[in-house]
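What follows is a set of notes on a single structure, which appears directly below.
When a ligand or atom number is given, it counts from 1 through the structure's own listing order. Only this structure's heavy atoms are used, side chains among them; waters, hydrogens and symmetry mates stay out.
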Amino acid sequence: MALFRFSAKRCLEAQKIGSTATNVLRPLSDASTDLKKVLSEKIPKEQERVKAFRKSHGSVKVGEVTVDMMYGGMRGIKGLVWEPSVLDADEGIRFRGKSIPECQKVLPKAAGGAEPLPEGLFWLLITGDVPTDAQVKAVSEEWAARSAIPSHVTKMLNDFPKSLHPMTQFSAAITALNSESVFVKAYSSGVHKSKYWDAVYEDTMNLIAKLPVVAATIYRNTYQNGKGLGSVDANKDWSWNFSSMLGYDNPQFVELMRLYLTIHSDHEGGNVSAHTTHLVGSALSDPYLSFAAGMNGLAGPLHGLANQEVLVWLQKLRSQVGDSPSDEKLKDFIWNTLKSGQVVPGYGHAVLRKTDPRYTCQREFALKHLPDDSLFKLVSQVYKVVPPILLETGKVKNPWPNVDAHSGVLLQYYGLKEMNYYTVLFGVSRALGVLAALVWDRALGLPIERPKSLSTDLLMKSVKAA
Ligand code: AMX
């Protein structure tokens, strides 16, 4: 388990459940840096706004459902409310209305750093406000104080075989962390449903705080014989601590992690990891169980695992056509991938119809820090060659790269070469968005999710009758 550079008493206090956890870190009078207090002032107002909206407009139609949509993975069906972010097909993601370049500009940064701190993004996602430096620092401190993981989880991780995929280890550890759930204790003691969000908030803060320790333990066990985990430094930010526990102290790598953990956090509510977390949470499964379910979805090759798949595919490409192939050779390799019934990983998207801004900002990071790297050059060449080929197939709706086409090359450059691990990094970041949303799910009192399904026979009958 990671050791703690924080007074033992303070650490224990911060692990306590309920509102006391935040208060030990700063005086009560300093309300502006108390995230829970800020949130508890916003929630009643938002509850009233939504209640009034539903009363006046509850029966207004916002879309329709076709037979194709039902067989086609529910594309385009507006069926969910998701507060932290909205995805535009052409423009990409906006976190509480802010694009990635805008977030890069307005969110607080580490001293001397250029990339936003994920703590600030979390504050924005959950409150809708851009935080101050002091508010972000308070979140960093709070996550450091809540970061210790119970010994049964450490033991379980240490007992896993190295051959077990890191995402399987990650999901299992998150599930086992539900021994710590504040929500479970509150529910079983009969807490009123108007207080659910408070317990979910506590679990959210604890879980986000613990994820870097869990993830770094998996990395050390799987690739470094369990050695060198180190400790959480209460004076450092979440990404610095995570990088340090992984064993990376290059300031540029830490900056990359700040950017990475910010941009992978949320992509509105319908993607597999977000929707699954929301769905499982709607049964009042606690945030640990809900998020672990989401992580099992993120582990699929059409979703988060694509960043691992991109690197596997690039390695195969290099071994077959060399480091700097001609465009013609590259085209042949891509067509062979398609003809053998496989997808080109890192390209395409269910909603986006342009280059993913998460790809673009990682490309800009590469242009700034590693413009001459041979793998980056290859990734850039792939960017030029793949889209026209995917268009030529006549069926791919979005030929442009998504976030996963670029993350691996950056990690490789800084020495994090274990590609099976990449989706765990994605998962650590994804917690920020989906857990912020889960707090709002409970604050708004959203019910158990239960859409209607039809058999093909019944669907045919309904269509005939219509
Ligand atoms: N390579 C080859 N074929 C592709 C393709 C790609 N990158 N993207 C889409 N297609 C194919 C589909 O497989 C489908 O073929 P089919 O009709 O024979 O079944 C056809 O094009 C139409 O698909 P679509 O409507 O354009 O995409 P979708 O909404 O069904 O799927 C996605 C979206 C992301 C799953 C798909 O583009 C894909 O498989 N991409 C590669 C995997 C990937 O990069 N995933 C990561 C996405 C981002 C993320 O979640 N992290």
Side-chain angles (χ1 to χ4, degrees), residues 66 68-77 82 85 87-90 92-93 100 167 260-277 294-314 316-317 330-362 379 382-411 419 422-434:
T66 64
D68 268 349
M69 284 168 155
M70 290 177 68
Y71 284 101
M74 300 195 278
R75 297 287 181 286
I77 297 179
W82 190 263
S85 68
L87 181 59
D88 180 86
D90 293 321
I93 194 67
I100 287 180
M167 275 306 278
Y260 184 105
L261 295 171
T262 295
I263 64 172
H264 286 77
S265 59
D266 206 34
H267 219 223
E268 71 171 35
N271 68 77
V272 171
S273 54
H275 187 192
T276 306
T277 306
M295 289 301 93
N296 288 338
L298 193 74
L302 295 189
H303 191 20
L305 202 79
N307 63 8
Q308 167 186 321
E309 296 296 290
V310 167
L311 257 290
V312 172
W313 184 81
L314 283 172
K316 196 169 154 203
L317 189 161
L330 196 52
K331 280 180 193 165
D332 288 346
F333 181 86
I334 292 158
W335 275 114
N336 283 340
T337 301
L338 295 173
K339 281 177 191 157
S340 59
Q342 291 158 28
V343 294
V344 177
Y347 281 76
H349 200 272
V351 180
L352 277 171
R353 294 296 175 255
K354 291 272 166 67
T355 295
D356 190 337
R358 298 173 300 174
Y359 176 95
T360 308
C361 76
Q362 292 184 93
V379 165
V382 168
Y383 183 24
K384 193 177 71 180
V385 173
V386 165
I389 294 179
L390 290 183
L391 275 179
E392 213 179 313
T393 66
K395 63 175 184 176
V396 180
K397 295 196 186 64
N398 174 38
W400 302 107
N402 58 59
V403 65
D404 296 316
H406 215 301
S407 46
V409 59
L410 299 173
L411 297 167
M419 52 196 91
Y422 291 172
T423 312
V424 173
L425 298 177
F426 195 154
V428 171
S429 171
R430 188 45 56 105
L432 303 179
V434 302

Suppose we measure from atom 22 (C) of ligand 1 to each protein heavy atom; which comes out shortest, and what is that distance?
Lys395 O, 3.4 Å
Specify the protein heavy atom at minimum distance from atom 28 (P) of ligand 1: its residue, its atom name, and the distance to 0.1 Å.
Arg75 NH2, 3.5 Å
Region of Leu338 that comes within reach of ligand 1 [heavy atoms, distance under 4.0 Å]
side chain
Out of all atoms in ligand 1, which are within 4.0 Å of some heavy atom of Ala306? Include the element for each.
43 (C), 44 (O), 45 (N), 46 (C)
Pairs of nitrogen or oxygen atoms closer than 3.5 Å, one from Arg358 and one from ligand 1: do any exist?
no
For ligand 1, which atoms, with element, lie under 4.0 Å from some heavy atom of Lys397?
25 (O), 26 (O)
Ranking Gly348, Gly297, Pro301 by closest non-hydrogen atom to atom 34 (C) of ligand 1, top hit is Gly348
Residue, atom and distance of the protein heavy atom nearest atom 50 (O) of ligand 1 read His303 ND1, 2.7 Å
For atom 27 (O) of ligand 1, the closest protein heavy atom turns out to be His349 O, 4.5 Å
Exercise check, heavy-atom protein proximity under 4.0 Å to atom 12 (C) of ligand 1
no
Check whether any side-chain heavy atom of Tyr383 sits under 4.5 Å from a side-chain heavy atom of Tyr359, and report yes or no.
yes
Quick one, Gln342 and Glu309 - any side-chain contact, counting heavy atoms below 4.5 Å?
no
protein heavy-atom neighbour closest to atom 1 (N) of ligand 1 works out as Val344 N, 2.9 Å
pair Ile263-Gln362: side-chain heavy atoms closer than 4.5 Å
yes
Which heavy atom of Thr393 sits nearest to which heavy atom of Val396, and what is that distance?
OG1-CG2, 3.4 Å
For atom 40 (N) of ligand 1, which protein heavy atom lies nearest, and how many Å away is it?
Tyr347 O, 2.8 Å
Should we say atom CE of Met419 is surrounded by more than 12 heavy atoms from elsewhere, each under 6.0 Å from it?
yes
So do the side chains of Thr276 and Asn296 get within less than 4.5 Å of each other, counting heavy atoms only?
no
Would you say ligand 1 has an N or O under 3.5 Å from any N or O of Asp404?
yes
With the side chain counted from C-beta on, respond yes when Ile334 and Trp313 share a heavy-atom pair under 4.5 Å apart, and no when they do not.
yes
Applying a heavy-atom cut-off of 4.0 Å, say which part of Val343 lies close to ligand 1: side chain, backbone, both or neither.
both
Under-4.0 Å heavy-atom contact between protein and atom 19 (O) of ligand 1
no
Counting non-hydrogen protein atoms only, what is the nearest one to atom 10 (N) of ligand 1? Give residue, atom name and distance.
Val396 CG2, 3.7 Å
Phe426 heavy atoms within 4.0 Å reach ligand 1 at atoms 51 (N)
Under 4.0 Å from atom 32 (C) of ligand 1, is there at least one protein heavy atom?
no
Taking it one step at a time, do Leu425 and Leu411 satisfy side-chain contact (heavy atoms from CB on, under 4.5 Å)?
CA-CA 10 Å; Leu425 298 177; Leu411 297 167; 3.7 Å; yes
Would you mind reporting whether Gln308 and Phe426 have side-chain heavy atoms less than 4.5 Å apart?
no
Heavy-atom contacts under 4.0 Å between Glu309 and ligand 1: side chain, backbone, both, or neither?
neither
Arg430 side chain vs His264 backbone, donor-acceptor pair below 3.5 Å:
yes
Measure the distance from atom 45 (N) of ligand 1 to every protein heavy atom, then report the residue, atom name and distance (to 0.1 Å) of the closest one.
Leu302 O, 2.9 Å
Flag side-chain contact, heavy atom, 4.5 Å: Asp266 against Trp82:
yes
Quick note on ligand 1: atoms under 4.0 Å from a heavy atom of Ala350 include exactly 29 (O), 33 (C)
Is Asn398 reaching over with its side chain to a backbone N or O of Leu352, donor-acceptor style, under 3.5 angstrom?
yes
Which atoms from ligand 1 have a heavy atom of Gly346 less than 4.0 Å away?
43 (C), 44 (O)
Given side chains that start at C-beta, do those of Leu298 and Val272 come closer than 4.5 Å, heavy atoms only?
no
